[in-house]
Amino acid sequence: GNSVPSKPLYERLGGKGAITAVVETFVGNVGGDKRINGYFASTDLVKLKAHLVNQICQASGGPCTYTGRTMKQTHDGMGVSDAAFGALVEDLVAALDHHKVGKAEKDELLSVLGPMKSDIVEKK
Ligand code: HEM
């Protein structure tokens with residue numbers, strides 16, 4: 001292991017501007033993804049993007065406060081499947097790659113969001 005303390009993930013991602021750019025691309029990818037875009041048919045995407053930016057900013061150690069609902073409340077009754085979750089993660093990874101986020105930062109962000117899966121997926 002590396003004994004030099006690293007900067008918070010938030011800073012290594014490039015701060016709020018960089019996170020906003022990734023979320024913009026991510027939500028665009030989801031909107032174009034026929035596997036899952038039906039879930040978002042009646043969603044206010046502007047609000048969704050703002051919630052995602054604050055969620056990722058806060059979860060990565062940045063100076064933001066997520067004010068949306070819990071992941072369980074939000075996704076309750078949507079019937080999100082394992083496959084749908086996997087598709088969304090692919091769309092996020094594609095957005096991170098598009099913005100040239102490094103592998104360490106990508107893996108770290110995914111490991112922060114990954115544990116939310118059990119509150120989001122309702123069916124196999
Ligand atoms: C780690 C994965 C995920 C994260 C971090 C996440 C995060 C969020 C957040 C922060 C919101 C906004 C909450 C609010 O409005 O209060 C939201 C809303 C939503 N999510 Fe997710 N989500 C994830 C996975 C998924 C998946 C896999 C689906 C379906 C394929 C999905 C479908 C939706 C929909 C449809 C909404 C909008 C609900 C509405 O219009 O009120 N999410 N999500």
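Ligands are counted one by one from 1 in listed order, and the atoms in each one are counted from 1 as well.
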Minimum heavy-atom separation for V27 to K49, with atom names?
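Here V27 and K49 meet closest at CG2-CG, 3.7 Å.
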
Considering non-hydrogen atoms only, spot the tightest contact between V30 and F40 and give its length.
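Closest heavy-atom pair between V30 and F40: CG1-CE1, 3.5 Å.
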
Beyond-backbone contact of [X] with [Y], side-chain heavy atoms, under 4.5 angstrom:
X: E90; Y: N29; value: no
X: S60; Y: P8; value: no
X: L96; Y: K103; value: no

Please state which protein non-hydrogen atom is closest to [atom] and give its distance, to 0.1 Å?
atom: atom 3 (C) of ligand 1; result: I120 CD1, 3.5 Å
atom: atom 9 (C) of ligand 1; result: M71 CE, 3.7 Å
atom: atom 40 (O) of ligand 1; result: T43 OG1, 2.9 Å
atom: atom 5 (C) of ligand 1; result: Q55 OE1, 3.4 Å
atom: atom 32 (C) of ligand 1; result: F40 CZ, 3.2 Å
atom: atom 26 (C) of ligand 1; result: L88 CD1, 3.7 Å
atom: atom 16 (O) of ligand 1; result: R69 N, 2.9 Å
atom: atom 35 (C) of ligand 1; result: Y39 O, 3.1 Å

Checking the N or O distance criterion of under 3.5 Å, is ligand 1 in contact with S42?
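The answer is no, given that S42 and ligand 1 share no N or O pair closer than 3.5 Å.
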
Numbering the atoms of ligand 1 from 1, which are under 4.0 Å from a heavy atom of [X]?
X: G68; value: 16 (O)
X: M78; value: 32 (C), 33 (C), 34 (C), 35 (C), 36 (C), 38 (C)
X: L48; value: 11 (C), 12 (C), 17 (C), 18 (C)

If hydrophobic clusters are built from ILVMFWY residues whose side chains come within less than 4.5 Å, do M71 and V121 share one?
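Yes, M71 and V121 fall within the same hydrophobic cluster.
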
Quick one: do L113 and V22 end up in the same hydrophobic cluster if we chain Ile, Leu, Val, Met, Phe, Trp and Tyr together by side-chain heavy atoms under 4.5 Å apart?
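Yes, L113 connects to V22 through the hydrophobic network.
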
Quick check on side-chain contact (heavy atoms from CB on, under 4.5 Å): which of L109, D107, V101 does E105 satisfy it with?
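Between E105 and the candidates, side-chain contact (heavy atoms from CB on, under 4.5 Å) is satisfied uniquely by V101.
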
Look at the side chain of E122 and the backbone N and O of D76, then say whether any donor-acceptor pair between them is shorter than 3.5 Å.
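No, E122 side chain to D76 backbone: no donor-acceptor pair under 3.5 Å.
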
What's the atom name of the N, O or S in H75 nearest to atom 21 (Fe) of ligand 1?
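Restricting H75 to its N, O and S atoms, the minimum distance to atom 21 (Fe) of ligand 1 goes to NE2.
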
